[in-house]
There are 2 protein chains.
Amino acid sequence: MDDGEASGGEASGKRTRSKSKPSMFDVAVRAGVSAQTVSRVSMGATNVRPATRDKVLAAMSELGYSPNSAARALRYGTFQTIGVITHKFSRTGESRTVEAIVEAARSAQYTVTLVDVESPVSTEVSDAVTRLSNQSIDGLVIIRAESVTPAMLSIPAGLPVVVSDSRFVGHHPAVGADQLEGSRRAVEHLLGLGHRTVHHVAGPDSSGPSQLRIDGWRAALDQAERPAPPIFRGDWTGRSGYEAGKHIARDTDATAVFCANDETAIGVMHALHEAGRRIPADVSVAGFDDIALAADVWPPLTTVRQDFAQIGERLLELLLRQIRNGERLEDVHETVPVELVVRESTAPPAS
Amino acid sequence: MDDGEASGGEASGKRTRSKSKPSMFDVAVRAGVSAQTVSRVSMGATNVRPATRDKVLAAMSELGYSPNSAARALRYGTFQTIGVITHKFSRTGESRTVEAIVEAARSAQYTVTLVDVESPVSTEVSDAVTRLSNQSIDGLVIIRAESVTPAMLSIPAGLPVVVSDSRFVGHHPAVGADQLEGSRRAVEHLLGLGHRTVHHVAGPDSSGPSQLRIDGWRAALDQAERPAPPIFRGDWTGRSGYEAGKHIARDTDATAVFCANDETAIGVMHALHEAGRRIPADVSVAGFDDIALAADVWPPLTTVRQDFAQIGERLLELLLRQIRNGERLEDVHETVPVELVVRESTAPPAS
DNA sequence: ACAGCGAACGAGAGCGTTTTCATGGACGAC
DNA sequence: GTCGTCCATGAAAACGCTCTCGTTCGCTGT
């Protein structure tokens, strides 16, 4: 047995760390070649004789060798890895964006490391950036760093960054759905059905997307010269929609509600049902996002569809252009179109 | 001046690559100390004079230095990173488990790299494992590798693995909710309300959790000596629940339905509403998972709550025990308790 | 005042890989 | 038959960092 004799004499001194994973050198000894022949095989180089290659391959699988990417990364200066910072990503929009990023990254031969911050405050995000850049990443995607400004973050110089839906626009390239237009279209749809005005249950005060949706709602009302009723503040959750909905249910003038997202809209419908108000006969409700369940709640929810997959793809492409070509894209701000999906939760007012 | 002559002649030739990130040596030159001292400061060692430390710190921030973790990882032999393989993680259960894992990992000073496989077939998962272990991870979490057996995966020898809810039990340590008990309790709840029997809309054929929920449903019916009606096959989506629901709505004998998950249940309710059948007066519906929206759909859904956070924590703990202490835990299979949450979608039959 | 000692810092090796350059051997051309 | 050429392979350096071991100070105790 060659491995026996190889590790028998002085090599056994080195082989002592039998616990750790085999290195290229181990494979080389086993196959009776030199270390960089193993390297050549590992990298799929052409100039190695088939017989040699087979020997090496055999040694690899016998030893269960897999290349140490730390060393490889050290050599190459790249980790083939991008970092994603997100906030509460079990929310639908976030997780679908992340999913798209992961998929796009995979087809570009990158992996994704994920950090989920408790809340999108500066210290949290800044912490996450530090941790992430200590773990080696080639680029960074920040999703909805809503209440954070770039100055707050200690982003290492030269680290490519893209952001989604945040206030970084102008400092880092950004991609986001056309939220203004989406809101406007939802409200116009409701006004077009004959509603005198449209109430709004908004997202949290600190959120950029929330503000955009408010702006779109207000713009549509202004354009139609309708009064803008006071805003209900929510926090994206169904629960907050439910609370707002209880007030709306009491207000018999309210015949149409546009909600900052689908969860909130579903919460509003919950309160309306509970109060015995019919949807859409008494009150029309529209949401935003088009989550998977929007089509299956009762009644099926009219909403604005965001193309999360496309957002994820665009984010990754902008990031890769920075990483691979060194392009500077600070001023780029892409907007991906949205689509109004009319279902049964909206209808002309009964009166 | 040794540093003077060192950097004066040939060292300046080295500095040519001003493009790339500054290294420890650059900082050392700038601060007029050795690379060693920079390392000490970087690691927070105590035996460095405050004045020296300040000089180094200043040099670091002037140069925008951040440590190259490839080199660090190479030296330490660890990336402080774990890999997570999941399938369609924008589904609620998956993403909440991942979220918990990420959080637990963070507090253990680990980061998480994520791979989302298109479908849980062997080639996909196997691919993912390969890619991930090329990326140097210290451990691996596999979430719901439903139709995969361990032999299919080329998991590098010695790589710690934990799995959630899969058929790996017995080969790798596993953590999962007590799905059998959860299903049983949901069905018993419905029978206890006076329903003669309970219909079931199941998950896909290939899924382990789906099978467990079927088993629990059947066990409860058997124990109460009730007939088990034919199963409706779903695929976890609301849409599939809707399709099943259309059949159930036509069957006036059906007064109670237990669904494999909440999305499916919501789809069933959609079909029932559409057919004019009242919930729960005509038909009671129960789900599984307790997703965030379960409380806000109409009527609020009775369901079995899984503690995803705890599952994530336990998974990570089991993984870390393998990584840090080298424990072998193949036979460990933890079950985390579930909780029946009764809301308004279930009630005694009207008759 | 001098040996002894500990603190502060520097020099060098090594982690596992890829890259560059050197070397040996086989083969074809003359 | 000999030389040149190319192909397969090996040796050594380098990537940036941390660890181990020395070395140089400045200080205290007698």
Side-chain angles (χ1 to χ4, degrees), chain A residues 13-17 19-29 31-56 60 63 65-80 133-136 156, chain B residues 1-7 10-11 13-17 19-29 31-56 59-60 63 65-80 133-136 156:
Chain A
K14 273 184 123 171
R15 272 324 110 250
T16 310
R17 49 174 188 71
K19 152 117 196 163
S20 77
K21 294 173 60 173
S23 79
M24 203 159 244
F25 181 74
D26 300 298
V27 177
V29 171
V33 298
S34 76
Q36 70 295 1
T37 298
V38 178
S39 170
R40 277 188 264 263
V41 172
S42 174
M43 304 202 58
T46 57
N47 52 342
V48 54
R49 224 169 23 193
T52 313
R53 154 171 290 120
D54 290 345
K55 267 195 306 186
V56 172
M60 279 182 176
L63 266 47
Y65 168 80
S66 73
N68 178 327
S69 61
R72 191 170 271 184
L74 175 58
R75 196 65 241 261
Y76 277 146
T78 170
F79 273 87
Q80 294 298 102
S133 53
N134 279 346
Q135 287 300 321
S136 312
Chain B
M1 296 295 294
D2 50 332
D3 67 359
E5 71 182 325
S7 63
E10 49 94 51
K14 274 181 125 175
R15 279 312 115 255
T16 311
R17 47 168 190 75
K19 152 110 196 171
S20 77
K21 291 175 62 175
S23 79
M24 202 159 244
F25 183 74
D26 299 301
V27 176
V29 171
V33 298
S34 78
Q36 201 31 240
T37 303
V38 177
S39 170
R40 276 190 262 263
V41 172
S42 175
M43 305 200 56
T46 56
N47 54 343
V48 54
R49 224 167 25 190
T52 312
R53 155 171 289 121
D54 290 347
K55 265 195 307 186
V56 171
M60 278 182 175
L63 264 48
Y65 169 79
S66 73
N68 178 327
S69 57
R72 194 171 273 183
L74 176 57
R75 194 80 229 307
Y76 279 145
T78 169
F79 264 98
Q80 293 296 103
S133 57
N134 279 347
Q135 280 296 325
S136 283

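Below, chains carry the letters A, B, ... as their sequence lines are ordered, and counting in each starts from 1.
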Determine whether any donor atom in the side chain of A:R75 lies under 3.5 Å from an acceptor atom in the base of C:dT17, or the reverse, and answer yes or no.
no

Under 3.5 Å, which donor-acceptor pairs do the side chains of residues 32-49 of chain B form with other protein atoms, sequence neighbours left out?
| from | atom 1 | to | atom 2 | distance (Å) |
| --- | --- | --- | --- | --- |
| B:S34 | OG | B:Q36 | N | 3.3 |
| B:S34 | OG | B:T37 | N | 3.4 |
| B:S42 | OG | B:R72 | NH2 | 3.1 |

From CD of A:Q80 across to C1' of C:dT17 the rounded distance in Å is 15 Å

Separation of C:dC15 atom C1' from B:R72 atom CZ, nearest Å, is 15 Å

Indicate yes or no: at least one non-hydrogen side-chain atom of A:S69 is less than 4.5 angstrom from one of A:F79.
-> no

Checklist line | N/O (side chain, B:Y65) to phosphate O (OP1/OP2, D:dC17) under 4.0 Å | finding: yes

Separation of D:dC15 atom C1' from B:L74 atom CG, nearest Å, is 9 Å

Closest to the side chain of A:M43, out of D:dT18, C:dG16, C:dT18, is C:dT18

One would report the end-axis bend of the helix from C:dA1-D:dT30 to C:dC30-D:dG1, five pairs per end and rounded to 10 degrees, as 40°

Atom NZ of B:K55 and atom C1' of C:dG10 are separated, to the nearest Å, by 13 Å

- Message: Quick check against the 3.5 Å criterion: does A:D26 have a side-chain atom that pairs as donor or acceptor with the backbone of A:S23?
- Response: yes

A:N68 atom CG is separated from C:dC15 atom C1', nearest whole Å, by 8 Å

From OH of A:Y76 across to C1' of D:dC15 the rounded distance in Å is 13 Å

A correct 5'-to-3' footprint of nucleotides 5-12 of chain D, with B, S and - meaning base, sugar-phosphate only and no protein heavy atom under 4.0 Å, is ---SBBB-

Q) According to a strict under-4.0 Å criterion, is B:S39 in side-chain N/O contact with OP1 or OP2 of D:dC17? A) no

Between CZ of A:F79 and C1' of D:dC15 the distance, given in whole Å, is 11 Å

